[in-house]
S.K.: 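Can you keep this structure in mind? I'll have questions shortly.
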Amino acid sequence: MKHTCILPEILAHAPALQAIRRDIHAHPELAYEEVRTSDLIAQKLAEWDIEVHRGLGITGLVGVIHGRTGTRSIGLRADFDALPIHEHNQFPHASQHPGKMHACGHDGHTTMLLAAAQYLAAHRNFAGTVYLVFQPAEESHGGAKAMMEDGLFERFPMDAIFGIHNWPGLAAGDVAVRSGPCFASSNEFRITLRGEGCHGAMPHLGVDPIIIASQLVQAFQTIISRNLHPADAGVISVTIIEAGDATNVIPETATLRGTVRAFTTAVLDTIENRMRELTHQISAAFGACAKFEFERRYPPTINHAKEAEFVRHTLSEVLGSEHVHVFEPTMGAEDFSFYLQEKPGAYFVVGNGELVDHAKPNSTSNDTGKSSTDHRPAGHGLGPCALHNPSYDFNDALLPLGGTLWVRLVEAWLEN
Ligand SMILES: [Zn+2]
Ligand SMILES: [Zn+2]
């Protein structure tokens with residue numbers, strides 16, 4: 001990672017930023033329970049003379065920084081919730097709350113935005129208003145939507161909104177962005193099959209729901225291979241099957257649950273409709289009843305073309321175009337999608353560095369000459385430094401860089 005583009009004033013705060021990030025990491029809080037984290041953010045913003053508005057989406061908050069002149073505005077979003085994961089890392093800033101962990105780097109996202117906030121409030125060298133959106137409950141609980149329902153865009157009328165996620169596996173400090181769909185929609189299904197229970201040795205006297213469940217798991221995969229246009233992407237994963245209590249009993253019921261991912265509503269409609277047809281008709285063919293439930297959770301994250309290009313262009317000037325990549329779409333989901341349904345904007349990623357530590361003979365080196373995996377402090381959990389892994393940790397070297405990227409985007413968007 002090159003440090004030459006980092007604003008010296010933010011770089012000087014690197015130790016303080018690391019302390020904030022590690023403090024948040026040590027005290028992870030789950031969706032809508034992030035009271036301590038929210039208090040910490042509010043206290044920092046107030047310390048830097050930034051107007052703070054609390055209570056959007058329960059624990060969410062917005063900081064407002066006015067520039068010297070101007071009427072344009074920009075929203076910058078950081079999420080701050082943790083995951084229900086038991087951390088394997090043993091270093092001093094490991095989670096002090098068993099079963100909860102910052103395994104997605106939201107501690108880092110929050111601290112990068114705080115780094116920018118401190119700088120922007122001290123200089124106000126831009127024309128317009130910066131809205132700092134600190135969001136709770138990104139992981140499965142739709143904190144973005146909750147903040148919008150509490151009037152985020154009415155109370156803080158931003159022209160566009162931007163968000164960053166750290167990205168393990170991408171070189172530390174490189175960024176990636178793309179126009180159009182980048183994260184998939186996230187949807188859940190639950191299928192309850194009711195057959196007829198009987199003795200495991202006398203299957204002809206009942207209707208076996210496990211046989212039907214097995215048929216459905218197979219049949220669903222034909223939706224991807226035989227119903228979708230070959231150029232369209234979709235995922236159906238049956239991740240939970242529940243049936244039976246005894247080896248000599250064919251149970252009455254079986255339940256299938258899982259996730260469906262797609263980038264467009266048309267593809268999602270096809271998948272949902274075909275899953276429903278297959279469920280009812282295969283069940284009927286075997287003499288069973290079925291209940292089919294499908295819930296659409298996060299919509300796809302679709303970057304707006306002009307704003308994605310703005311990010312690519314601006315960050316190319318800051319980092320050098322060789323450090324700005326085209327983001328490869330992922331079937332992961334992100335509730336930033338709700339913002340992009342109402343506002344122009346773009347979501348992009350910054351590389352967190354290598355996933356594993358074992359130095360390969362030809363592994364890349366950073367500008368300190370050390371292995372690019374050195375960001376992981378001693379005592380990490382030996383697993384990969386991957387999102388949602390119990391051995392993950394955010395790369396602290398990104399804190400001043402991320403703060404700088406936010407400042408540069410603000411200055412370019414709200415140019416005097
Ligand atoms: Zn996550
Ligand atoms: Zn995340």
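All ligand and atom numbering here is 1-based and tracks the order in the structure. Values below: all heavy atoms of this structure, side chains included; hydrogens, waters and symmetry mates excluded. These numbers were taken from a predicted model, which means no experiment stands behind them.
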S.K.: Should the heavy atoms of other residues, nucleotides or ligands under 6.0 Å from NE2 of His388 be counted, would the total exceed 12?
M.R.: yes
S.K.: Would Glu138 count as a contact for the Zn ion (ligand 1), in the sense that one of its N, O or S atoms lies under 2.8 Å from it?
M.R.: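 Under 2.8 Å: Glu138 has no N, O or S contact with the Zn ion (ligand 1).
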S.K.: Can you check the angle at the Zn ion (ligand 2) formed by SG of Cys104 and NE2 of His165? Round it to the nearest 10°.
M.R.: 100°
S.K.: With respect to the Zn ion (ligand 1), please indicate if His388 possesses an N, O or S atom at a distance under 2.8 Å.
M.R.: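 It does: His388 brings an N, O or S atom closer than 2.8 Å to the Zn ion (ligand 1).
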S.K.: Salt-bridge test for Arg194 and Glu252: reply yes if a basic N is under 4.0 Å from a carboxylate O, no otherwise.
M.R.: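 Result for this pair is yes, salt bridge flagged.
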S.K.: Does any non-hydrogen side-chain atom of Asn89 lie less than 4.5 Å from one of Met101?
M.R.: yes
S.K.: Looking at Glu139, which of its N, O or S atoms is the nearest one to the Zn ion (ligand 1)?
M.R.: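 Result for Glu139 and the Zn ion (ligand 1): OE2.
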S.K.: To the closest 0.5 Å, what do you measure between CD1 (Ile10) and CD (Gln118)?
M.R.: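 Result: 8.5 Å between the selected atoms.
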